[in-house]
2 protein chains.
Amino acid sequence: MRNLIKVERAIHNLTQAKLAEMISVSRQTINAMELNKYVPSTVLALKISEIFKKPVNEIFFLDGKD
Amino acid sequence: MRNLIKVERAIHNLTQAKLAEMISVSRQTINAMELNKYVPSTVLALKISEIFKKPVNEIFFLDGKD
DNA sequence: TCTAAAAGTAAAAGAAAGATTACATTTAAG
DNA sequence: CTTAAATGTAATCTTTCTTTTACTTTTAGA
């Protein structure tokens, strides 16, 4: 899976730390997500969708490895 | 978090076992998801979204506990 | 250039997802 | 009513997410 969190963060002018705080996770979790180190839970995806006001499907995408 | 997997399964006439097979998880995983026993990964949410041809946001919803 | 904020990285530990096996209960169809 | 399919449930185990702590590297601004 890949995601556009870094892009959305740029659009909304948010640091990893600020975004992390907004969805109640650690900064490392945001960082690891952006670097595709792991797959986040659906709750996190929904919270990010809410913050960026975009559907989950426009932020997260399945790729070959899924 | 809550979800409408059971409803979508009914619409598409799929058993838990069939859906499980389609997204390569165990039947118990589908069952537990429907009963809100745990939060699935975003990859699973995207696969379910694909199968039911509906956005993740129309199948999975944040609730008070999130 | 110097500094501070931001981002990357990593190890260890805890929490939760998901598999597996197995059995009980419910539902639908004959 | 009987039977088989479907669903619910539970225990144990493995894998993966997520936190915490801490350090390094990069980037932007004074």
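Per chain, numbering begins at 1; letters A, B, ... match sequence-line order. Treat the numbers as computed from the prediction; the structure is a model and nothing was measured.
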Taking only the side-chain nitrogens and oxygens of [X], find out if one of them lies under 4.0 Å from OP1 or OP2 of [N].
{"X": "K6(B)", "N": "dG8(D)", "value": "yes"}
{"X": "N31(A)", "N": "dA7(C)", "value": "no"}
{"X": "Q28(B)", "N": "dT7(D)", "value": "no"}
{"X": "S41(A)", "N": "dT18(D)", "value": "yes"}

Restricting to non-hydrogen atoms, name the atom on [X] and the atom on [Y] that form the minimum distance, rounded to 0.1 Å.
{"X": "S49(B)", "Y": "I59(B)", "result": "CA-CD1, 3.9 Å"}
{"X": "P55(B)", "Y": "N57(A)", "result": "CA-ND2, 3.2 Å"}
{"X": "V56(A)", "Y": "A45(A)", "result": "CG2-O, 3.8 Å"}

Look at all strands and tell whether [X] reaches a base, only sugar-phosphate, or nothing, counting heavy atoms closer than 4.0 Å.
{"X": "L44(A)", "answer": "sugar-phosphate"}
{"X": "S24(B)", "answer": "sugar-phosphate"}
{"X": "T15(B)", "answer": "sugar-phosphate"}
{"X": "T29(B)", "answer": "sugar-phosphate"}

Any side-chain heavy atom of [X] sitting closer than 4.5 Å to one from [Y]?
{"X": "V25(B)", "Y": "M33(B)", "answer": "no"}
{"X": "M1(B)", "Y": "F61(B)", "answer": "no"}
{"X": "I23(A)", "Y": "I51(A)", "answer": "yes"}
{"X": "F60(A)", "Y": "I5(A)", "answer": "yes"}

Could you give the [atom1]-to-[atom2] distance, from [X] to [N], as a whole number of Å?
{"X": "N13(B)", "N": "dT27(C)", "atom1": "CG", "atom2": "C1'", "value": "15 Å"}
{"X": "K47(B)", "N": "dA17(C)", "atom1": "NZ", "atom2": "C1'", "value": "14 Å"}
{"X": "N3(A)", "N": "dC17(D)", "atom1": "CG", "atom2": "P", "value": "13 Å"}
{"X": "E34(A)", "N": "dT9(C)", "atom1": "CD", "atom2": "P", "value": "12 Å"}
{"X": "Q16(A)", "N": "dT9(C)", "atom1": "CD", "atom2": "P", "value": "11 Å"}
{"X": "I23(A)", "N": "dT18(D)", "atom1": "CD1", "atom2": "P", "value": "9 Å"}
{"X": "K37(B)", "N": "dA15(C)", "atom1": "NZ", "atom2": "C1'", "value": "18 Å"}
{"X": "N36(A)", "N": "dT18(D)", "atom1": "CG", "atom2": "P", "value": "14 Å"}

Nearest to the side chain of [X], heavy atoms from C-beta on, is which of [options]?
{"X": "V39(B)", "options": "dA17(C), dG18(C), dT18(D)", "value": "dA17(C)"}
{"X": "L35(A)", "options": "dG8(D), dT18(D), dT9(C)", "value": "dT9(C)"}
{"X": "Y38(A)", "options": "dT9(D), dT19(D), dT18(D)", "value": "dT18(D)"}

Next on the checklist: Do L46(B) and M22(B) sit in one hydrophobic cluster, given that two such residues count as connected whenever their side-chain heavy atoms are within less than 4.5 Å of each other, even indirectly?
Outcome noted: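 In one cluster: yes.
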
Between K18(B) and R27(A), whichever has its closest DNA chain D nucleotide further toward 5' is K18(B)

Dot-bracket for DNA chain C, 5' to 3', Watson-Crick and G-U pairs with both distances under 3.5 Å, [ ] for crossing pairs, | for partner on another strand, reads |||||||||||||.||||||||||||||||

